Amino acid sequence: MVKKLQLKDLYDGFRDPKTIKAYKKLIDIELENYDKTINIMEVCGGHTHTIMKYGLPQILNKKINFVHGPGCPVCVMPKERVDSAYELSLQKDVILVTLGDMIKVPGSRGSLQDARAKGADVRFVYSPMDCLKIATENKDKKVVFFAIGFETTTPMTCALLEQVIKNDIKNILFHINHITVPEVMRALVDKKDNKIDAFLGPAHVSVISGSKIYEEFPLRYNKPVVVSGFEPVDVIESIYMLVCQFVQNRVELEVEYKRVVSFEGNIKAQELVDKYLIKTSFEFRGVGTILESGYELREEYKKYNAKLVYDEILPKNRAKENKACRCPDILSGVAKPLDCKLFGTVCTPTNPIGSCMVSSEGACSAYYKYGNLLK
Amino acid sequence: MCLSIPSKIKSIDKDTNSCVVDTMGVERTACLDLIDQEVKVGDYVLIHIGFAMNKIDEVDALESLKVYQEIIEKLEEKEKQEALNG
């Protein structure tokens with residue numbers, strides 16, 4: 001008889017210090033006769049956060065080197081899109097609604113937080129569905145949902161649009177900034193100076209997309225991928241799985257986070273995305289423009305597209321970045337936060353210069369918060 | 001923004017296709033529009049920005065926890081043997 005699962009098991013079991021130490025030991029045993037460094041890119045900002053919070057670079061074998069990736073939607077948002085959100089929020093008839101740390105990202109003229117200080121109605125919501133309530137309570141205003149995120153959040157935006165259409169809600173518009181993981185991973189491994197030997201595959205992106213989206217990396221690029229959960233035991237077990245692949249000379253796609261990730265993913269969510277959105281190019285901050293790496297509303301839903309409705313007021317020029325900020329190199333896995341001269345001096349969480357410091361999942365923010373562990 | 005934690009379904013509202021979940025002792029509502037499997041009270045789901053994304057497979061979760069325990073026991077046994085052999 002299998003023991004019934006308790007909620008506590010899911011929290012404590014996957015954070016158990018004894019298990020972490022046991023895996024550390026297993027990794028050491030495997031690497032005893034392995035003489036190379038393994039550079040592992042954690043694509044997702046959630047993993048960066050876990051790695052730093054639990055001090056994995058300090059406890060793990062020195063042959064393991066973490067390279068931080070571009071998997072934080074706030075960090076890779078180009079400045080001109082932040083500027084668009086800023087302009088939209090200043091429109092008298094607009095309530096700008098967004099998620100996460102988006103509100104703090106500095107644009108050319110300021111952040112959404114600054115726009116709010118100027119009187120703009122900017123709201124941060126816990127769920128896209130909260131837009132429905134805001135729209136009902138503010139019928140004289142247009143609610144613009146500034147939609148951000150990778151594969152994880154894209155279907156949620158589509159579920160909101162479905163409700164908007166179903167209930168014939170006339171005052172919700174969408175500014176779509178959704179992006180996709182495999183395209184940006186491909187852009188990075190295509191770079192000549194990339195330092196990536198293997199990938200730690202994103203957890204919740206994969207819940208939606210399935211692990212199938214990473215098949216090409218072991219097959220075409222000779223880079224192993226292990227899809228990992230976010231808890232520290234998940235991450236260290238995934239590192240162990242990658243180490244075993246290197247030691248045994250295997251190059252495969254494996255899933256550690258089997259309790260939620262399947263090969264095919266959440267088909268219902270994928271179909272919802274296909275119904276409303278179409279692939280388009282997106283300029284990833286730090287990486288550049290990547291074909292078919294973003295989404296846009298399909299032509300038939302253009303009346304919900306804030307980019308078309310407010311076309312005249314949206315900025316058209318490319319925004320300048322601070323030259324000293326090394327966010328682009330950090331997001332491409334070329335540099336680490338400590339390589340940036342601005343880190344911790346000019347650029348801090350209370351005065352972020354670059355996007356990697358703004359988001360709590362950005363590599364700079366994680367280094368700043370848990371940096372004492374590095375000394 | 002990707003940190004989401006497992007939650008236990010406490011109740012389901014079929015009219016609004018939503019559920020009330022317990023996440024580390026905090027109760028909140030989540031939308032079920034993206035769930036294509038049958039979910040029932042007592043199931044574990046992954047919640048992200050107000051949506052249930054997927055069910056958590058109990059067998060797989062328990063299997064992982066069991067494997068972890070076995071690894072610890074094996075290593076402890078090995079250490080004991082090494083200490084005894086001096």
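Nothing here was measured: the structure is a model prediction, and the numbers come from that model. Chain A is the first sequence line, chain B the second, and so forth, proteins listed ahead of strands; every chain is numbered from 1.
- Side-chain atoms of A/Arg259 and B/Tyr44 include no donor-acceptor pair closer than 3.5 Å.
- Atom NZ of A/Lys21 sits in a sparse spot, with 12 or fewer heavy atoms from other residues, nucleotides or ligands closer than 6.0 Å.
- Per-residue counts of heavy-atom pairs under 4.5 Å with chain B were compared for A/Thr19, A/Asp234, A/Val261; the largest is that of A/Thr19.
- For the pair B/His48 and A/Val207, the minimum side-chain heavy-atom distance is 4.5 Å or more.
- With rounding to the nearest 0.5 angstrom, the CD atom of A/Gln6 is 11.5 Å from the CG atom of B/Leu65.
- In this structure, A/Met129 and B/Thr29 have side chains that are not in contact, with every pair of non-hydrogen atoms separated by 4.5 Å or more.
- In this structure, B/Glu58 pairs ionically with A/Lys4, as a charged nitrogen and a carboxylate oxygen lie closer than 4.0 Å.
- Checked by atom type and distance alone, the side chain of A/Lys25 never pairs as donor or acceptor with a backbone atom of B/Ile72 at under 3.5 Å.
- When heavy atoms are compared at a cutoff of 4.5 Å, B/Glu76 approaches chain A solely by way of its side chain, counted from C-beta outward.
- Atoms SG and CD, from B/Cys31 and A/Gln163 in turn, are 6.5 Å apart once rounded to the nearest 0.5 Å.
- Across all their heavy atoms, B/Phe51 and A/Ser127 have their closest contact at CE1-OG, 3.9 Å.
- Interface summary for chain B: among A/Leu10, A/Ile267, A/Ile29, A/Asp130, the most heavy-atom pairs under 4.5 angstrom belong to A/Leu10.
- A/Met156 and B/Leu34 make their closest contact through SD-CD1, 3.9 Å (heavy atoms, listed as atom of the first residue, atom of the second, distance).
- Between B/Tyr68 and A/Asp16 there is no side-chain heavy-atom pair separated by less than 4.5 Å.
- To the nearest 0.5 Å, atom CD1 of residue B/Ile56 and atom OH of residue A/Tyr257 are 6.5 Å apart.
- No other option in A/Phe150, A/Tyr11, A/Tyr23, A/Phe14 has as many heavy-atom pairs under 4.5 Å with chain B as A/Tyr11.
- In this structure, B/Met24 and A/Arg15 approach most closely via the heavy-atom pair CE-NH1, 4.2 Å.
- Within 6.0 Å of atom CD in B/Gln37, more than 12 heavy atoms from other residues, nucleotides or ligands are found, so the atom counts as buried in its surroundings.
- In this structure, chain B has heavy atoms under 4.5 Å from both the backbone and the side chain of A/Lys258.
- For B/Glu79, the part sitting under 4.5 Å from any heavy atom of chain A is the side chain, from C-beta outward, and nothing else.
- With a 4.5 Å cut-off on non-hydrogen atoms, A/Leu5 touches chain B through its backbone and its side chain both.
- Minimum heavy-atom separation, B/Leu75 to A/Ala22: CD1-O, 3.4 Å.
- Within the 4.5 angstrom heavy-atom criterion, only side-chain atoms of A/Glu256, from C-beta onward, approach chain B.
- Of the inter-residue distances, the one linking A/Lys18 atom NZ with B/Gln69 atom CD reads 7.0 Å to the nearest 0.5 angstrom.
- Contact annotation for B/Thr23: both backbone and side-chain heavy atoms come within less than 4.5 Å of a heavy atom of chain A.
- Proximity of B/Leu46 to A/His204: side-chain heavy atoms (C-beta onward) are separated by under 4.5 Å at one or more points.
- In this structure the side chain of A/Asn266 never reaches within 4.5 angstrom of the side chain of B/Met53, judged on heavy atoms.
- One finds the CD1 atom of B/Ile49 at 5.0 Å from the CG atom of A/Leu99 (value rounded to the nearest 0.5 Å).
- Neither the backbone nor the side chain of B/Lys66 comes within less than 4.5 Å of any heavy atom in chain A.
- Contact count against chain B (heavy-atom pairs under 4.5 Å) is highest for A/Pro128 among A/Ala269, A/Gly45, A/Pro128.
- A distance of 10.0 Å separates CG in A/Leu160 from CG in B/Asp33, rounded to the nearest 0.5 Å.
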